[in-house]
Amino acid sequence: MAEKLKTRQFGRYQLERLINRGGMGEIFLAFTEGPGGFRKPVVIKKILPHLNDEPEFVTRFIDEANIVVSLTHGNIVPVFDMGEVEGQYFIAMEYLPGRDLRDLVKRYQRLGELMPVPLVIFVIREICRALSYAHKKSDGAGTSLGIIHRDVSPSNVLISREGVVKLTDFGIAKATSRLGRSITGRLQGKFSYMSPEQASGRSVDHRSDIFSLAVVAYELFTGSRPFDGDSDMETLRRVRECDVIPASAHRNELTKAVDTVLLRGLSQDVAGRYEDVVQFGRELLAAAACEPVTNDEMRCELSRLFPGSEAQFGNPTAGMGFDDVMAMEVDRVLSPSGSGQSRTMTAPTPSIRVLESMEDSGFGPASTPEPSQHQFTP
């Protein structure tokens with residue numbers, strides 16, 4: 001729940017509203033000011049004061065910032081500042097209103113509809129571009145950074161009010177340059193979207209992200225997740241066994257060619273999957289045999305799905321909240337036994353979102369929109 005504050009200075013930012021507080025940190029709506037009355041809303045993520053003295057936790061927080069700060073792409077939500085003020089570490093993210101993809105999935109379900117195929121292809125294509133960029137990112141010497149997102153899911157895909165798709169929450173991303181190390185055998189990510197190797201606690205490479213993206217595509221096409229079970233353990237079992245009902249069984253208009261692409265992306269055997277995420281996107285586009293929508297058409301669909309809420313999109317002082325609060329990760333990091341688990345075991349950069357109501361949430365940080373292109377290029 002958003003909490004109005006007495007505006008106070010925090011470095012070069014003015015904290016105006018506490019958006020939410022989780023087990024690890026606090027999220028604020030803030031402003032930075034400049035000459036001529038310039039005033040820009042930003043999102044500030046701060047570590048809770050008592051955690052600033054926990055070296056492992058601070059290292060993970062810095063890891064997250066270092067990964068995302070190095071990523072500059074039109075389909076990735078940027079972090080543009082990080083630092084320490086009064087002994088508190090923080091990350092500053094650009095604020096831009098919109099929706100996350102999970103909001104769209106839930107709205108289609110309430111309306112008894114499925115996302116139109118051209119919209120599915122558009123969203124998946126844009127995520128492919130973001131992942132391709134991250135997977136291929138290298139340092140100044142040309143050495144790959146080895147970035148793997150490891151938490152590709154609808155709640156981590158943001159859609160701006162201009163219809164631009166952004167990938168966010170690199171909080172559990174794996175990169176060879178990370179200061180901290182993932183703890184072997186601990187599951188990180190959302191169970192329903194994990195790859196079999198991730199669900200088994202084995203090492204992963206970029207093809208794990210391709211598997212997760214194929215799960216997202218399957219859900220957008222059919223309105224259902226391929227591996228959901230009645231319990232976390234059942235879901236993990238189904239992911240590991242990777243027994244998938246073809247998407248066309250849920251939606252008659254989908255072709256067998258779409259089934260083929262999805263099933264290859266969802267291959268239990270890592271070697272059987274696509275080697276490159278752009279190849280997955282291209283083949284899915286060809287199999288669907290339709291033209292993706294444009295950013296403007298995506299914007300119009302948002303307005304249709306959420307009538308009357310578009311004016312709130314541009315109001316950074318409206319009530320806000322986020323779903324992927326960082327609560328459970330601190331127990332995992334600091335627990336002496338290291339045995340704490342939850343359905344979502346992640347320390348994500350939270351998606352700060354404007355609330356349409358207590359039931360229908362909006363979205364948060366993003367960057368300047370990038371024109372849509374029909375050709376599939378990363």
Shortest non-hydrogen contact from Ala199 toward Arg240 | O-NH2, 2.6 Å
Kindly indicate whether the side chain of Glu54, heavy atoms from C-beta on, has any atom under 4.5 Å from the side chain of Leu51.
-> yes
Tell me, with the steps shown, if Arg150 and Glu197 meet salt bridge (Lys or Arg N to Asp or Glu O under 4.0 Å).
-> CA-CA 11 Å; Arg150 298 203 302 181; Glu197 60 273 22; over 6 Å; no
Under 4.5 Å between any side-chain heavy atoms of Ser248 and Lys256, yes or no?
-> yes
Under the side chain to side chain contact (heavy atoms under 4.5 Å, CB included) rule, what do Glu16 and Phe28 come out as? Steps first, then yes or no, please.
-> CA-CA 7 Å; Glu16 181 158 309; Phe28 294 87; over 6 Å; no
In terms of heavy-atom contacts, Ser195 and Ser208 come closest through OG-OG, 2.8 Å
Heavy-atom closest pair (Leu302 atom, Arg161 atom, distance to 0.1 Å) is CD1-CA, 4.4 Å
Is the shortest heavy-atom distance from the side chain of Ile27 to the side chain of Ile44 under 4.5 Å?
-> no
Phe10 six-ring face occupied by Lys46 cation (under 6.0 Å, within 45°) | yes
Taking the side chain as C-beta and beyond, is there a heavy-atom pair between Thr168 and Ile76 under 4.5 Å?
-> no
Measure the shortest side-chain to side-chain distance between Phe221 and Leu114 over non-hydrogen atoms and say whether it is less than 4.5 angstrom.
-> no
Worked verdict on Cys128 versus Leu213 for side chain to side chain contact (heavy atoms under 4.5 Å, CB included) = CA-CA 8 Å; Cys128 284; Leu213 181 58; 3.5 Å; yes
Note, Leu284 side chain near Ile124 side chain (heavy atom, < 4.5 Å) | yes
Asp232/Lys190 salt bridge by N-O under 4.0 Å criterion | no
Residues that Glu33 engages under side-chain hydrogen bond (donor to acceptor under 3.5 Å, both in side chains), provided they are two or more places apart = Arg39
Those residues that, when tested against Asp81, pass salt bridge (charged side-chain N to carboxylate O under 4.0 Å, His left out) (two or more places apart) = Arg12
Can you name the nearest heavy-atom pair linking Glu297 to Val293, along with the distance?
-> OE1-CA, 3.1 Å
Can you list the steps and then say if Leu167 with Asn75 is a side chain to side chain contact (heavy atoms under 4.5 Å, CB included)?
-> CA-CA 6 Å; Leu167 182 63; Asn75 295 115; 6.0 Å; no
Given the rule in the side chain to side chain contact (heavy atoms under 4.5 Å, CB included) test, do Cys290 and Ile121 qualify, once you have shown the distances and angles that lead to the verdict?
-> CA-CA 8 Å; Cys290 68; Ile121 296 301; 4.1 Å; yes
Got a second to check how far Gln279's CD is from Arg273's CZ, nearest 0.5 Å?
-> 14.0 Å
Across all chains, not counting sequence neighbours, the salt bridge (charged side-chain N to carboxylate O under 4.0 Å, His left out) partners of Glu283 are none
Heavy-atom nearest pair, Phe306 first then Asp103, reads CZ-O, 3.8 Å
Qualifying residues under side chain to side chain contact (heavy atoms under 4.5 Å, CB included), relative to Ala249, sequence neighbours excluded | Ile245
Residues in salt bridge (charged side-chain N to carboxylate O under 4.0 Å, His left out) contact with Asp205, at least two apart in sequence or another chain | Arg207
side-chain hydrogen bond (donor to acceptor under 3.5 Å, both in side chains) partners of Asp243, counting only residues at least two apart | none
Sorted by chain and number, sequence neighbours left out, side chain to side chain contact (heavy atoms under 4.5 Å, CB included) with Thr72 holds for Tyr133
Report the residues that fulfil side-chain hydrogen bond (donor to acceptor under 3.5 Å, both in side chains) with Asn52, sequence neighbours left out, ordered by chain and then residue number.
-> none
Compute both the distance and the angle, then confirm whether Arg225 meets the cation-pi test with Tyr218: under 6.0 Å from the six-membered ring centre, within 45 degrees of the axis.
-> no
Residues at least two apart in sequence or cross-chain that pass side chain to side chain contact (heavy atoms under 4.5 Å, CB included) with His135, listed by chain then number, are Leu131, His206, Asp209, Val277
Sequence neighbours excluded, the answer for ring-ring contact (aromatic ring centres under 6.0 Å, His included) partners of Phe227 is Phe211
Are side-chain heavy atoms of Arg99 and Leu104 found at a separation under 4.5 Å?
-> yes
Looking at Ala134 and Leu71, what are the two nearest heavy atoms and their distance?
-> CA-CD2, 4.3 Å
Are Arg264 and Tyr274 in a cation-pi setup, meaning NZ or CZ lies under 6.0 angstrom from the ring centre and within 45 degrees of the ring axis?
-> yes
Does Glu86 have any salt bridge (charged side-chain N to carboxylate O under 4.0 Å, His left out) partners at least two apart in sequence or in another chain, and if so, which?
-> none
Between Glu241 and Arg238, is there a side-chain N and carboxylate O pair less than 4.0 Å apart?
-> no
Set of side chain to side chain contact (heavy atoms under 4.5 Å, CB included) partners for Pro154, sequence neighbours left out | Leu101, Arg102, Tyr193, Val216, Glu219
